Amino acid sequence: MVPEAWRRGLVSTGRVVGVLLLLSALNKASTVIHYEILEEREKGFAVGNVVANLGLDLGSLSARRLRVVSGASRKFFEVNRETGEMFVNDRLDREELCGTLPSCTVTLELVVENPLELFSVEVVIQDINDNNPAFPTREMKLEISEAMAPGTRFPLESAHDPDVGSNSLQTYELSRNEYFALRVQTREDSTKYAELVLERALDREREPSLQLVLTALDGGTPALSASLPIHITVLDANDNAPVFNQSLYRARVLEDAPPGTRVVHVLATDLDEGPNGEIIYSFGSHNRAGVRELFALDLVTGMLTIKGRLDFEDTKLHEIYIQAKDKGANPEGAHCKVLVEVVDVNDNAPEITVTSVYSPVPEDAPLGTVIALLSVTDLDAGENGLVTCEVPPGLPFSLTSSLKNYFTLKTSADLDRETVPEYNLSITARDAGTPSLSALTVVRVQVSDINDNPPQSSQSSYDVYIEENNLPGAPILNLSVWDPDAPQNARLSFFLLEQGAETGLVGRYFTINRDNGIVSSLVPLDYEDRREFELTAHISDGGTPVLATNISVNIFVTDRNDNAPQVLYPRPGGSSVEMLPRGTAAGHLVSRVVGWDADAGHNAWLSYSLLGAPNQSLFAIGLHTGQISTARPVQDTDSPRQTLTVLIKDNGEPSLSTTATLTVSVTEDSPEARAEFPSGSAPREQNKNLTFYLLLSLILVSVGFVVTAFGVIIFKVYKWKQSRDLYRAPVSSLYRTPGPSLHADAVRGGLMSPQLYHQVYLTTDSRRSDPLLKKPGAASPLASRQNTLRSCDPVFYRQVLGAESAPPGQQAPPNTDWRFSQAQRPGTSGSQNGDDTGTWPNNQFDTEMLQAMILASASEAADGSSTLGGGAGTMGLSARYGPQFTLQHVPDYRQNVYIPGSNATLTNAAGKRDGKAPAGGNGNKKKSGKKEKK
């Protein structure tokens, strides 16, 4: 241990910081010099020549300012700059510097400047025997009875020597005598101590006192010593000891006996007289710990009573030792033993110990599965220690006992984690004592999950209504599905599947989040393109085995008023002039405005009104029919040319509208008027021509239908035979001689978005396998990249990508803007007949548009200036409206005529019969922002 003076003197915070800063500025490593010196050297004693040892120039020491730096507050060493000698500057006391440490070293730093250099010097201070051993007291006194037996030991005072090593305390010596001997012992820290041993019995009458001297010696040369006088007084002995009337006493007492209850009375006698005959009772030294806290003993009478609370479970039998001594000098004692038997009472409740618990328990654990092993103990004896255990009724557990005080907790019924995931069983243990005592413990039993529940949903199907032109990527449905199993088994994965034979709906229109079941649309939906989607949500859990549930998802696209009405007649941008003779009576039908709306329901209900006319009182228009008639007789004052602007408005919200312009020419009933307007033929001739053209049109439609149906049947039979031959051929032969492959443009065909563009090659055996998607530029599966759409069969191309598709290099398909579903055909709203009372009329047959065109043709025929052969594609309209008016400039109304039992239209039939697609199908969109109709 370092002395306090060393800790205060050798450590200087400021100097240590200075030395550290000085060390950080050095450019080379310092040199360490070691010296050894004995302590207590006189001041000025030369330790060594540091200049010679360091190889420094003695002449430059003064200029370089050689000095000694030390962390101590006292400078023990200095350097003579003239001689280079380092000498002792202060007293060196090893015991003061290092205490009892075996090694004492003083570290110094030598600093020279110009250039700055630092050298380390270590001086080892060696110990000398300069301290005598010393006893803590000047004299030691002992009182020893003459009755002490030989061999008794008496510890003596120990001496202390501050020197270390061989100079420290080494041994003890005792002056010569005939009664005592000296035993020197060594402690664990190698220090010595002495004991006085009685070798011969003392006799007070012969020698009432003894004088001894104890000498402590160190190991120095010469040895130093210290002496301690020992004064021993021999005490007189009591010749007669007390005697108990019996050596063993027995007693019984209840464990709940209150304090003060008498247990037993002990009695001893002494033949001596006076103080040597007066007896004092006390507890013996052999009693167990706690006896004095439980029992009390009267020192004079020897009555033993209860002092504390007895416990039968702690100690059933108390063994108490009592001694009796007289009041004489150096008394001797007598001893007896008392056995106190504690009688048990039922004062301890049972204790339940759960030795092992099998938890969690699988919910499919069989009946009788051991859950826990319980050990029940009762510290009472007899019937007070008999214990029974029970569990609350109504739980799927039972207790059985195979060994005494051991109970087994087992399952007695089936477990269901989804119903009760955890049980806190209150087990009650009750003894048979009076009164009965009980104990309660709770055993926690967890039920582990097995994957026995498939995913569940509040409903088996979902009907989702989405307004068209929805935002892509926006959620449209959040499936409410859960799994009552545990989290691992209840981890759900969601997938979308298509119903029926139609494929491609999921990847093209919809997607689902696999983690949370949110269904989103990938593209804006179009009510006019598709109104209903039937999907299946497949939900599987994460258990083993995997359980799954299917939920039907029906997505209905609701209509939005996003299509303005369109004018079918009169043709927009064309010149349409209706003739009206003067003098015509009121109610005469002048013309009819025909419009249609691509929307459905209320959004497609059209209403007509006159927006502008030179004479508002002359004409009236049917609100729902669009028929323009005279409201009053035509007078001579009426303008000869009437330009009517008709507003066609739908019933949507907000309402959309368009206008149609019709010119009415008021003619004079004169020969000049007939010459200028040949249409003024007799009504009978007009009716005759009208009937002829109606019959001719019906014949042409019927023939076209028969030819189309017959061609379709032949084509289907041919393809069926061809596919049957391919299926019957072995697969190896098909791939041994690869046939032509088909390169399907999935982007243009509407199968996927341009971002997911892939090349799809279809072989003759592609019907038996899934399409093979390959990256652009890679070789085809049959190494026939040259077989592209330009070399494939056009008929087969239309079979793969649709009836309206054509291979590259051929004529483009007809404009898809005029292809509508059955509910979107023109004429279901604007071309209906009805009254003007405001009531919406019922739908009529979809060929009303064709009848309108036939009526227009019949009107031309009645004029006598045109026939059906008036030009290719004119339908007899070119003579009236000019040669530029052809069917290429008006919508093809033949597609609105449907033949029952067939999906073909007159347009398709004509296209197939002529061997080319109708013109005008350049792929224009129906409106901006909408995808192409397939």
Side-chain angles (χ1 to χ4, degrees), residues 95 100 127-242 270 272 274-276 280 282 284-286 323 325-335:
E95 288 74 27
T100 59
D127 183 48
I128 62 174
N129 192 19
D130 57 344
N131 292 282
N132 293 336
F135 286 97
T137 60
R138 294 182 178 182
E139 183 181 12
M140 183 176 181
K141 294 181 179 181
L142 292 176
E143 291 182 353
I144 301 175
S145 175
E146 60 177 336
M148 284 292 179
T152 305
R153 296 186 178 189
F154 303 93
L156 300 178
E157 295 286 348
S158 297
H160 175 69
D161 192 337
D163 292 328
V164 296
S166 61
N167 296 326
S168 63
L169 179 65
Q170 298 296 323
T171 185
Y172 292 92
E173 293 180 357
L174 184 66
S175 60
R176 185 179 296 275
N177 65 92
E178 58 179 323
Y179 296 102
F180 295 95
L182 186 65
R183 297 284 178 87
V184 180
Q185 304 290 342
T186 303
R187 298 186 181 93
E188 293 183 359
D189 57 354
S190 300
T191 59
K192 310 290 183 178
Y193 67 96
E195 291 181 344
L196 195 64
V197 181
L198 180 63
E199 292 185 343
R200 183 180 175 183
L202 299 175
D203 187 357
R204 192 195 68 81
E205 289 75 20
R206 180 182 175 186
E207 256 186 293
S209 62
L210 297 173
Q211 295 291 335
L212 304 177
V213 177
L214 178 66
T215 302
L217 300 173
D218 61 15
T221 304
L224 301 179
S225 64
S227 298
L228 177 66
I230 301 176
H231 180 74
I232 299 175
T233 302
V234 180
L235 302 177
D236 188 24
N238 192 4
D239 296 334
N240 296 290
D270 193 333
D272 294 328
N276 292 331
I280 298 176
S282 62
S285 58
H286 300 293
Q323 68 178 4
K325 287 185 179 182
D326 56 25
K327 295 182 179 180
N330 193 22
E332 293 184 3
H335 301 82

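A quick note: this is a predicted structure, and the numbers were derived from the prediction, not measured.
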Quick check: does any side chain N or O of [X] sit under 3.5 Å from a backbone N or O of [Y], one acting as donor and the other as acceptor?
X	Y	value
Asp163	Asn131	yes
Asn129	Gly219	no
Asp161	Ala159	no
Tyr193	Pro155	no
Glu139	Thr137	no

Could you tell me if the side chain of [Y] sits less than 4.5 Å from the side chain of [X], heavy atoms only?
X	Y	answer
Leu210	Asn177	no
Phe135	Met140	no
Ile232	Phe154	no
Phe180	Ile144	yes
Ser282	Lys325	no
Met148	Leu202	no
Glu207	Val234	no
Leu196	Leu174	yes

Could you go step by step and tell me if Asp218 and Leu224 meet the side chain to side chain contact (heavy atoms under 4.5 Å, CB included) rule? CA-CA 6 Å; Asp218 61 15; Leu224 301 179; 3.3 Å; yes

Mind checking the [atom1]-[atom2] spacing from [X] to [Y]? Nearest 0.5 Å is all I need.
X	Y	atom1	atom2	result
Ser168	His160	OG	NE2	10.0 Å
Leu169	Ser225	CG	OG	10.5 Å
Thr215	Leu182	OG1	CG	9.5 Å
Gln323	Ile280	CD	CD1	10.5 Å
Glu195	Gln185	CD	CD	5.0 Å
Asn167	Asp127	CG	CG	5.0 Å

What pair of heavy atoms forms the shortest contact from [X] to [Y], and how long is it?
X	Y	answer
Gly328	Pro331	O-CD, 3.1 Å
Lys192	Thr186	NZ-OG1, 3.1 Å
Glu157	Leu228	CB-CD2, 3.8 Å
Pro133	Ala216	CG-O, 4.0 Å
Tyr172	Ser158	OH-CA, 3.6 Å
Arg183	Val197	CG-CG2, 3.4 Å

Near Arg176 CZ, under 6.0 Å, is it more than 12 heavy atoms from other residues, nucleotides or ligands?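 12 or below, so no.
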
More than 12 foreign heavy atoms under 6.0 Å from NE2 of His231: is that the case here?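 Yes, enclosed.
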
Pair Gln170-Leu217, side chain to side chain contact (heavy atoms under 4.5 Å, CB included): steps then yes or no: CA-CA 6 Å; Gln170 298 296 323; Leu217 300 173; 5.9 Å; no

